[in-house]
Amino acid sequence: MAKIVAGVGTSHVPAIGAASDHAKDRNEYFKPLFDGYDPAREWISKVNPDVVILVYNDHACAFSVEVVNTFVLGVAEKYEPADEGYGPRPVPHIEGHADFASHINECLIFDEFDIAIANEMAVDHGGTVPLTVMYDRPESWPCKVIPLCVNVIKYPQPTGLRCYKLGKALRKAVESYPEDLRVAVFGTGGMSHQLQGERAGFVNQEFDLMFLDNLQDNPEALTKIDHNEYLRDAGSEGIELIMWLIMRGAMENPKEVYRHYHVPVSNTAGGLICFEDEAA
Ligand code: DHB
Ligand code: FE
């Protein structure tokens, strides 16, 4: 049977992708960030998941704002990096796992999560940057990837609790798939940040560290953070953190094996946390 062996929470700042793509990842500005990725990359190469379920958000690239879907699961065989206005990132295309994704989709819908289905979808920095964070610059990504897209950019976003519950349903779906697959779930998105208005550039390290400190043992407390609290304490884009709660919901007995936190990266913090699932 398929099983979840690991979970990762990580920021997806576009500048991280650009630094990697232009070989600037060890310059003076980015070195402290990327040096902190080395141990995580070593760890994931040992964990070596067959499939990554990549929980991320689209930034109005694959989907226009005319139709806003709360959750979208990719069931395609292949995904190209999105053109975000300056050409697609020069990273490998993503290989999907259509059969496994279709199984997950069916399970989630029968478990009363009304997920939209993407047969075709370009993946923007929200999805490609976390792959860079964990896998650097390979010729091809070393695993199959199932993208699970969450609306965090248009109000009303789902609650943290809904995301956490979706993670639990995701675990059930994975564990009922008959193939022996080692699965990692990546929950991605910025920690505290605000890209607009008077508080543009706002970062709240105290909030970020509180979130990291509670993720393993006290996720229920994090599910109680409401939209206003995210806005006030984590900035207008800090609500991206609800995607980390899907990852956490999919873990049964997580053990933190690595953490990295660095400020600033562009307008936010670079946050990374890695869990192994002791239940696996
Ligand atoms: C930045 C961060 C994001 O999460 C994003 O989607 C876009 C930009 C930033 O800090 O520059
Ligand atoms: Fe973002």
Side-chain angles (χ1 to χ4, degrees), residues 8-22 24-25 27 29-30 32-34 36-37 54-65 68-72 74 79 81-89 91 94 121-134 147-158 160 163 186-205 207-208 211-212 225 227 230-231 233-247 260-273:
V8 170
T10 177
S11 309
H12 67 205
V13 190
I16 296 173
S20 171
D21 297 344
H22 296 103
K24 295 197 169 150
D25 45 333
N27 73 11
Y29 182 84
F30 283 107
L33 176 71
F34 279 81
Y37 290 159
L54 180 62
V55 182
Y56 80 106
N57 74 287
D58 179 70
H59 300 74
C61 293
F63 307 117
S64 75
V65 287
V68 179
N69 287 294
T70 302
F71 299 114
V72 183
Y79 308 86
D83 183 346
E84 300 185 50
Y86 38 84
R89 286 191 61 207
V91 291
I94 287 171
M121 172 168 78
V123 174
D124 76 8
H125 70 268
T128 62
V129 168
L131 294 174
T132 298
V133 167
M134 294 309 290
L148 173 56
C149 227
V150 182
N151 166 42
V152 292
I153 65 168
K154 285 290 275 184
Y155 186 86
Q157 298 92 338
C163 289
F186 289 7
T188 75
M191 305 208 77
S192 63
H193 64 306
Q194 171 139 352
L195 302 175
Q196 56 192 316
E198 274 176 28
R199 287 202 307 169
F202 172 81
V203 172
N204 184 349
Q205 293 194 41
F207 179 90
D208 292 343
F211 197 93
L212 291 169
I225 302 170
H227 290 58
Y230 276 113
L231 190 60
D233 297 339
S236 54
E237 277 72 41
I239 197 166
E240 290 188 343
L241 277 169
I242 60 173
M243 295 181 286
W244 296 38
L245 294 177
I246 297 180
M247 174 276 287
H260 178 47
Y261 181 80
H262 176 75
V263 187
V265 182
S266 189
N267 299 294
T268 178
L272 172 66
I273 195 162

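Counting starts at 1 for both ligands and their atoms, following the listed order. Just so we're clear, the structure is a prediction, and the values are computed from it rather than from any experiment.
The protein heavy atom nearest to atom 9 (C) of ligand 1 is Ser266 OG, 3.4 Å. The closest protein non-hydrogen atom to atom 3 (C) of ligand 1 is His193 NE2, 3.5 Å.
Taking the N/O/S atoms of Glu240 in turn, the shortest distance to the Fe ion (ligand 2) belongs to OE2.
Here the shortest heavy-atom pairing between Thr268 and Ser192 reads OG1-O, 2.9 Å. Minimum interatomic distance between Phe186 and Pro130 (heavy atoms only, all atoms of both residues): CE2-O, 4.4 Å. The two atoms that bring Pro158 and Val150 nearest to each other are CG-CG1, 3.9 Å, heavy atoms only.
Atoms of ligand 1 found under 4.0 Å from any heavy atom of His59, numbered from 1 in the order shown, are 6 (O). Here is the list of ligand 1 atoms found below 4.0 Å of a heavy atom in His125: 5 (C), 6 (O), 7 (C). Those atoms of ligand 1 with a heavy atom of Thr268 less than 4.0 angstrom away are 10 (O).
Distances from the Fe ion (ligand 2) show that His193 has no N/O/S atom below 2.8 Å. With 2.8 Å as the limit, His125 does not count as an N, O or S neighbour of the Fe ion (ligand 2).
Of the heavy atoms in Glu237, none comes closer than 4.0 Å to ligand 1.
Side chain of Tyr155 to main chain of His227: no donor-acceptor pair is present (N/O by atom type, distance under 3.5 Å, no hydrogens or angles).
Here the shortest heavy-atom distance to atom 10 (O) of ligand 1, taken over Ile16, Asp124, Asn267, belongs to Asn267. For atom 7 (C) of ligand 1, the nearest non-hydrogen atom from the set Pro14, Ser11, Gly126, Gly238 belongs to Pro14.
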